[in-house]
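I have placed the structure first, in the form of structure tokens, so that the comments after it can refer back to it.
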Amino acid sequence: MASSRWCWFLIYFVASITLGIIAISSAMRSSSKNTTQEAAAPIPNDLSTNASNALRKAGFIVMAELLHHSPSFFKPPQNATIFAIKDSALKNTSHPLWFLKTLLLYHTTTAKASSFLDLLNTSQGTCLTTLLRDKNVSVTKVDRAQNSVEINHVSISNPNIFLGEQLAVHGVLAPFSPLHPQDLLQRGLDSVIHSPTCHSNSSHESENGVEWNRVVHLLGAKGYASFSIALHSVLDGIKKDSGSSCSVTIFAPPDSTLLGRPSSFLDRAVRLHILPQRFSYKELTSLPVRTLLKTLASDDDHLEIDGVLDFVHGMVVDGVEIVAPDMLVSEKFVVHGISRAFKMAELTS
């Protein structure tokens, strides 16, 4: 009888350990899957190598080694910013690889490759989207006079360690949140890493209605980096001319055809993709065919409603299909993803 109970105890113990391992593995796979689903295409290997060499020269050996092995370990997406942790802050460099990868994901933001000057021009309280599932970090301090920026109350100690068109790397004094492998396994991400309080932008933008900087950030986070960059480059003029607009509709193209053009073309092309009125996808589909939509471009630049056609899945506006309706929705703005940029015949000839 005693040996029988002992046998059942061994079976129960082994089963418990097995289920625990399965649960942990599933959680890690789920985290990895949710993290990489929305990530953009990875940067080229040579860019990752150059960034790793720059980190090594700056004394960030641990992060340099992790990035050096990125082809099989960690692939930073295009238009990313990595905040590398000082070696002295990583007390135990023998942490398991899954934990070191979690650190990298949490310290990589995806809005764009932000130079230190870009960060200095960011509003305090702005949240930055990271590669770690559902986790943001916040710009908690911006002091232009002292030329200093803090993320999650951690100072950027080594700005612009590496700057490229698709990747930027800065050094920070410590992790953005105290992390330990055992805590993550026992309590989970949501209990260990708490989401910061995010302030959309300055009160000036709130008074005008549209939180333009937030729109730029969210577009980049959603994978529309090219249009995010284009909008950011002409934003001052749009803010000035549309100060009285309390709401807008934005059609975001995924390609980079707008970039690299003369500023006059870029400004007008971006404005052609913005309506000075908020239209949800349902409201757009309710408009009669051939309705003309006023844009932020000149009075002669309108978009025409083509309606829902038989040979495409989504609604068509001015010959372009809406492929991601209501992609971003706010009280003051709606963003619809479109298949390509609208054409401007008089400027493309």
Side-chain angles (χ1 to χ4, degrees), residues 37-41 77-80 109-114 128-129 166 200-201 205 209-239 241-242 245 247-261 263 265-285 287 293-297 301-306 308 312-344 347-348:
Q37 269 181 338
E38 299 179 1
Q78 295 178 13
N79 301 306
T109 60
T110 58
K112 66 174 189 175
S114 300
L128 307 176
T129 303
Q166 300 175 345
S200 296
N201 282 296
E205 285 193 356
V210 180
E211 298 167 321
W212 287 107
N213 289 338
R214 183 180 176 217
V215 173
V216 169
H217 170 69
L218 291 175
L219 281 169
K222 279 289 184 179
Y224 289 74
S226 296
F227 188 70
S228 173
I229 294 170
L231 175 59
H232 184 265
S233 68
V234 300
L235 200 52
D236 289 342
I238 289 178
K239 286 180 180 180
D241 296 342
S242 62
S245 296
S247 61
V248 294
T249 301
I250 300 172
F251 296 102
D255 51 50
S256 58
T257 55
L258 298 180
L259 299 180
R261 300 297 190 97
S263 58
F265 174 92
L266 186 61
D267 181 75
R268 194 173 178 187
V270 170
R271 290 169 184 261
L272 183 66
H273 290 74
I274 304 174
L275 313 179
Q277 186 177 350
R278 185 185 182 280
F279 287 103
S280 67
Y281 185 71
K282 183 177 180 180
E283 290 168 336
L284 285 173
T285 57
L287 296 175
L293 303 174
K294 178 178 173 60
T295 71
L296 291 186
D301 288 322
H302 293 85
L303 300 176
E304 184 175 325
I305 295 291
D306 298 319
V308 179
V312 293
H313 295 291
M315 180 184 181
V316 177
V317 176
D318 221 61
V320 179
E321 181 186 358
I322 297 178
V323 293
D326 297 335
M327 180 175 65
L328 298 171
V329 178
S330 166
E331 183 183 353
K332 301 297 183 181
F333 63 83
V334 175
V335 179
H336 306 292
I338 56 178
S339 59
R340 58 176 174 80
F342 295 124
K343 290 184 178 180
M344 298 177 64
L347 290 181
T348 55

Rounded to the nearest 0.5 Å, how far does [atom2] of [Y] lie from [atom1] of [X]?
| X | Y | atom1 | atom2 | answer |
| --- | --- | --- | --- | --- |
| E211 | F333 | CD | CZ | 6.5 Å |
| I250 | L219 | CD1 | CG | 6.0 Å |
| L272 | K343 | CG | NZ | 13.0 Å |
| L266 | R271 | CG | CZ | 10.5 Å |
| T110 | K222 | OG1 | NZ | 11.0 Å |
| H217 | L328 | NE2 | CG | 10.5 Å |

In this structure, which one of [options] forms a side-chain contact (heavy atoms from CB on, under 4.5 Å) with [X]?
| X | options | value |
| --- | --- | --- |
| I238 | V210, V270, V248 | V270 |
| M315 | I338, V320, I305, L287 | I305 |
| I274 | V215, L231, T295 | L231 |

Notebook entry, point to check: How are the rings of F251 and F342 set relative to one another: parallel (under 30°), tilted (30 to 60°) or perpendicular (over 60°)?
Noted result: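 Because their plane-to-plane angle is over 60°, the rings of F251 and F342 count as perpendicular.
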Next item on the list: Would you name the heavy atoms of Y281 and H336 that are closest together and state the gap between them?
Entry: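 Smallest heavy-atom distance, with atoms named: N-CE1, 3.4 Å.
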Checklist line | Closest non-hydrogen atom pair, S247 against R278 | finding: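 Looking at all heavy atoms of both residues, the closest pair is OG-N, 3.5 Å.
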pair [X]-[Y]: side-chain heavy atoms closer than 4.5 Å:
| X | Y | value |
| --- | --- | --- |
| H273 | P253 | yes |
| S330 | R214 | yes |
| K294 | D301 | no |
| D326 | S280 | yes |
| V216 | I229 | no |
| R268 | L296 | no |

Next item on the list: For the pair L293 and L284, evaluate side-chain contact (heavy atoms from CB on, under 4.5 Å) and give the outcome as yes or no after the intermediate values.
Entry: CA-CA 10 Å; L293 303 174; L284 285 173; 4.2 Å; yes
Next item on the list: Check for a donor-acceptor pair, side chain of D306 on one end and backbone N or O of G319 on the other, with a separation under 3.5 Å.
Entry: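 It does hold such a pair.
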Notebook entry, point to check: Are any side-chain N or O atoms of E304 and backbone N or O atoms of D318, one a donor and one an acceptor, separated by less than 3.5 Å?
Noted result: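 Checking the backbone N and O of D318 against the side chain of E304, no donor-acceptor pair under 3.5 Å is found.
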Next item on the list: With sequence neighbours excluded, tell me which residues meet ring-ring contact (aromatic ring centres under 6.0 Å, His included) with Y224.
Entry: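 So Y224 forms no ring-ring contact (aromatic ring centres under 6.0 Å, His included) with any residue.
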Check: What's the verdict on side-chain contact (heavy atoms from CB on, under 4.5 Å) for L218 and V335, showing C-alpha distance, side-chain angles and the deciding distance?
Finding: CA-CA 10 Å; L218 291 175; V335 179; over 6 Å; no
Note to self: Could you go through T109 and T129, starting from their C-alpha distance and side-chain angles, then the distance that decides it, and tell me whether this counts as side-chain contact (heavy atoms from CB on, under 4.5 Å)?
What the structure shows: CA-CA 5 Å; T109 60; T129 303; over 6 Å; no
